[in-house]
Asker: 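The structure follows.
Each ligand, and each atom within it, is numbered from 1 in the order the structure gives. Computed from heavy atoms alone, side chains included, the values below leave out hydrogens, waters and symmetry copies.
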Amino acid sequence: MPELPEVETERGRLAARLEGRRIRGVRIDDERLTRPEDPALVAGRLGGERVVALDRRGKYLLIRLGSGAVLVVHLRMTGGFRYEPASHERAVLELEEGTRVAYRDLRRFGTWTLLEPDEAEDYLRVRLGPEPLGPGFTATFLAARLAGRRAPVKAAILDQRTVAGLGNIYADEALWQARIHPLRPAGALSAEEVAALRRGIRAALRRGLRRQGADLGDGTYAGGRMQHEFRVYGRLGEPCERCGTPIEKARAGGRGTWYCPGCQV
Ligand SMILES: [Zn+2]
């Protein structure tokens, strides 16, 4: 599932094709994509619009249109844009000069939500906390979000209102970086540990961005290199590069969770 580094990489590639271009026509072949809106209605609204900017908030891609409307795209499990004909195409954008941009999604969990100019900011604000690489993601903010919570810290930081854009891979990498055991109750972290966790989250995401995300070999996010640098994610039984202890796997918040029992306490 794409997280902040993968979605940001997708944003950059899509921006190069869409920004400043006019959409001549749109075809949406999957009613699940725009539910509960009628896909023909959404496609009709997009036709003729100019794309003024491609932004990202958390794991959402924001396609900002000339009318002020915003198409909010969430890739979920397997969504992504392609610039050559691809399998599992669910929608196609035809641009004015004949360029074709396809949206493919094998498992069909992705969503396209067309919001009016005055709706977009509220839509995002209720769903997302601050950007973890921006100035709003302070240790004070993170401490307030974790305080009093008995849930495992791993589950707590997967809440998008706590860390926008963080998902299973980078949460595990961040906790390893911060030397914090993923099953510790979130509210039990000291101020120093919260500060270390904030630094770990930012470091893990920045590393992912520099490697253009992770390519897990399913063809969905091709080209990323982060998968070669995981410290714990998916490395069950391999030695921790910091202390040599074999990596273990547990479940936290319903998600597979990898950690080092030697140096994450
Ligand atoms: Zn270790």
Asker: Distance below 2.8 Å from the Zn ion (ligand 1): how many protein N/O/S atoms qualify?
Answerer: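 Considering protein N, O and S only, the Zn ion (ligand 1) has 4 within range.
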Asker: Say whether, by atom type as modelled, one donor and one acceptor occur between the side chain of Glu193 and the main chain of Ile180 under 3.5 angstrom.
Answerer: no
Asker: Mind checking who shares a hydrophobic cluster with Val92, ILVMFWY linked at side-chain heavy-atom distances under 4.5 Å?
Answerer: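 The other cluster members (ILVMFWY side chains, heavy atoms under 4.5 Å, direct or chained): none.
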Asker: Determine whether a donor-acceptor pair (N or O, by modelled atom type, separation under 3.5 Å) exists between the side chain of Glu37 and the backbone of Thr113.
Answerer: no
Asker: How about Trp112 and Tyr103: are their ring centroids closer than 6.0 Å?
Answerer: yes
Asker: Keeping to residues at least two apart or across chains, list the ring pair (Phe, Tyr, Trp, His ring centres under 6.0 Å) pairs with something in residues 120-141.
Answerer: none
Asker: Once side chain to side chain donor-acceptor pair (under 3.5 Å) is applied, what residue pairs with a partner in residues 148-159 remain, sequence neighbours excluded?
Answerer: Arg145-Asp159, Lys154-Asn168, Lys154-Asp172, Lys154-Thr257, Asp159-Arg161
